[in-house]
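Here the structure is laid out as structure tokens; the discussion comes afterwards.
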Protein chains: 2
Amino acid sequence: MYVTSPVSIFKNTAVVSANVGVGGATHTQPVHFPASHPLFFEGDDAEFVYEIIEGVVRTSKILFDGRRQILSFGYPGDVVGLSHDRFYHCDCEAVSDAKLRVHHKNAFSTNFERDPSFCNELLKYAASEVNSMQEHFIMLGRKSAMEKVASFLAALMGRVGENKDRRICFDIPMPRSDIADFLGLSHETVSRTLTRLRLDGVIDLPSKHRICVRQPATLKALAEKE
Amino acid sequence: MYVTSPVSIFKNTAVVSANVGVGGATHTQPVHFPASHPLFFEGDDAEFVYEIIEGVVRTSKILFDGRRQILSFGYPGDVVGLSHDRFYHCDCEAVSDAKLRVHHKNAFSTNFERDPSFCNELLKYAASEVNSMQEHFIMLGRKSAMEKVASFLAALMGRVGENKDRRICFDIPMPRSDIADFLGLSHETVSRTLTRLRLDGVIDLPSKHRICVRQPATLKALAEKE
DNA sequence: CGAAGTATTGACTACCTTCAAAAATTGTGG
DNA sequence: CCACAATTTTTGAAGGTAGTCAATACTTCG
């Protein structure tokens, strides 16, 4: 009935992200961005659109007193940096080392005129983007810490998880504080919740940046009910 | 630098809302919906798009156990019910008595093909919609109860406030529980926070559904810092 | 006027945050 | 390659903000 893909919370971007081919854009060489390197800042001239080839980026907004809300994690196939006006509306940095294809914004807008169906396609992605953001509203507004963390892990599991002897494993390239700022929690609470999941036998933590899910069904259940 | 309008949090809709003219649609008579009357439910066939002429509607999502997150309040000029697929992705009800113009979805999609600039226009609105939703992320994830309520009142003030002998007054058609579910709070906390604002002399509450702001500057300051 | 729904207020509780310190990991320069 | 510094993560203890439960007041509506 409800057709949101489990990975949707990772697709949000600067303004609109679209997991679509960038038809007609010049094929530039992917550019390497080292971990923590900024792509752009809020208020900058929105000159470029970034297509993520490899690695992970984060988009965020900062409040005057330093409080931060991470809006999205961008994974390969996602696009960040689209804007409805001249400016970027959030900060964006590489989480891990990343390879990005950099397109000039005009490569997009001229496409709209040449190819109306491309605009239509983008519009659909924008709509599903809005839809996935609405899911995140419930997460931020109405879920407990355990539900938030479990939802986050379950989504990552669905998107980048790989089967390894009965467990579903994946990397978590971002630090705990990023997860915290994405879920509206403190990094201590994220850490404590992960520990509890580990002690309960739901997950293993072979290293700080790697998670193996022993009980996927339990994790999914926790994502909706604690 | 940041070009979000202060009213933006009220524009979010079922999937995409657009405060734009519905060019080319047949001009049907506005239909009256009494207070609390549902427009559509999540999962329903997304047959119609609703243009709000008068009154207020709310869009929401319900969790399995009854927890609710209100996604948006729709005011005159807003459009609700657009979907990227065949189905609605949230519930929608009239908050107060409302007059709505009901368009068949085809009136929109055929427009895309006839008029590419209409699609482009819609895309821009979708992008600014995403932008305003991102503001709401910070609200839900990182703001205190006082900041949330103050932000909400400040936004309403900017959108529908009217000057009355040195105060800015406006109606609040929705019950406290709606405000609570929009801000991710309990209705008791909303009530307590309004009382505190009243005792502090920032607002008057001439009736349950009416607010007069005595100190607009203070209110705006509280919206960002408590 | 009485009933039902909504709003306010109070008391208590709990979840999460904050502050603090220790442990683990990562990075750097010799 | 190791030692040391810096950062990140974990864990602990204490406290606060907001939630829950409950009772009362207020509105609205039949």
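Because only heavy atoms are used, hydrogens play no part in the values below, and waters and symmetry mates are left out as well, while side chains stay in. So you know, we letter chains A, B, ... as the sequences are listed, proteins then strands, and number each from 1.
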- [ ] Figure out the CG/P separation between A:L183 and C:dT17, and round it to whole Å.
- [x] 10 Å
TODO: Without swapping roles, check the side chain of B:E54 against the backbone of B:L100 for a donor-acceptor pair under 3.5 Å.
DONE: no
TODO: Kindly assign one of parallel, tilted or perpendicular to the pair B:Y50 and B:F33, based on the angle between their ring planes and the thresholds 30° and 60°.
DONE: perpendicular
TODO: Over 60° means perpendicular and under 30° means parallel, so classify the ring planes of A:F137 and B:H136, tilted if in between.
DONE: perpendicular
Task: Footprint string (nucleotides 4-20 of chain D, 5' to 3'): B base within contact, S backbone only, - free, heavy atoms under 4.0 Å - done: -----SBBBB----SSB
TODO: Evaluate the criterion salt bridge (charged side-chain N to carboxylate O under 4.0 Å, His left out) for residue pair B:D204 and B:R210; output intermediate values, then yes/no.
DONE: CA-CA 9 Å; B:D204 285 333; B:R210 183 130 185 111; over 6 Å; no
Task: Nearest atoms (heavy-atom pairs only) where A:L71 meets A:C90 - done: CD1-CB, 3.7 Å
- [ ] Begin with the C-alpha distance, continue with both residues' side-chain angles, and end with the deciding distance and a verdict on salt bridge (charged side-chain N to carboxylate O under 4.0 Å, His left out) for A:D178 and A:R68.
- [x] CA-CA 9 Å; A:D178 279 8; A:R68 182 180 67 154; 2.8 Å; yes
Task: Validation row, ring centre A:H103 to ring centre A:F48 under 6.0 Å - done: no
Task: Divergence of helical axes at both termini of the helix from C:dC1-D:dG30 to C:dG30-D:dC1 - five pairs an end, 10° steps - done: 40°
- [ ] Rounded to the nearest angstrom, tell me the gap between atom CG in A:D181 and atom P in C:dT17.
- [x] 11 Å
Open item on the list: Determine whether a donor-acceptor pair (N or O, by modelled atom type, separation under 3.5 Å) exists between the side chain of A:S83 and the backbone of A:A46.
Closed with: no
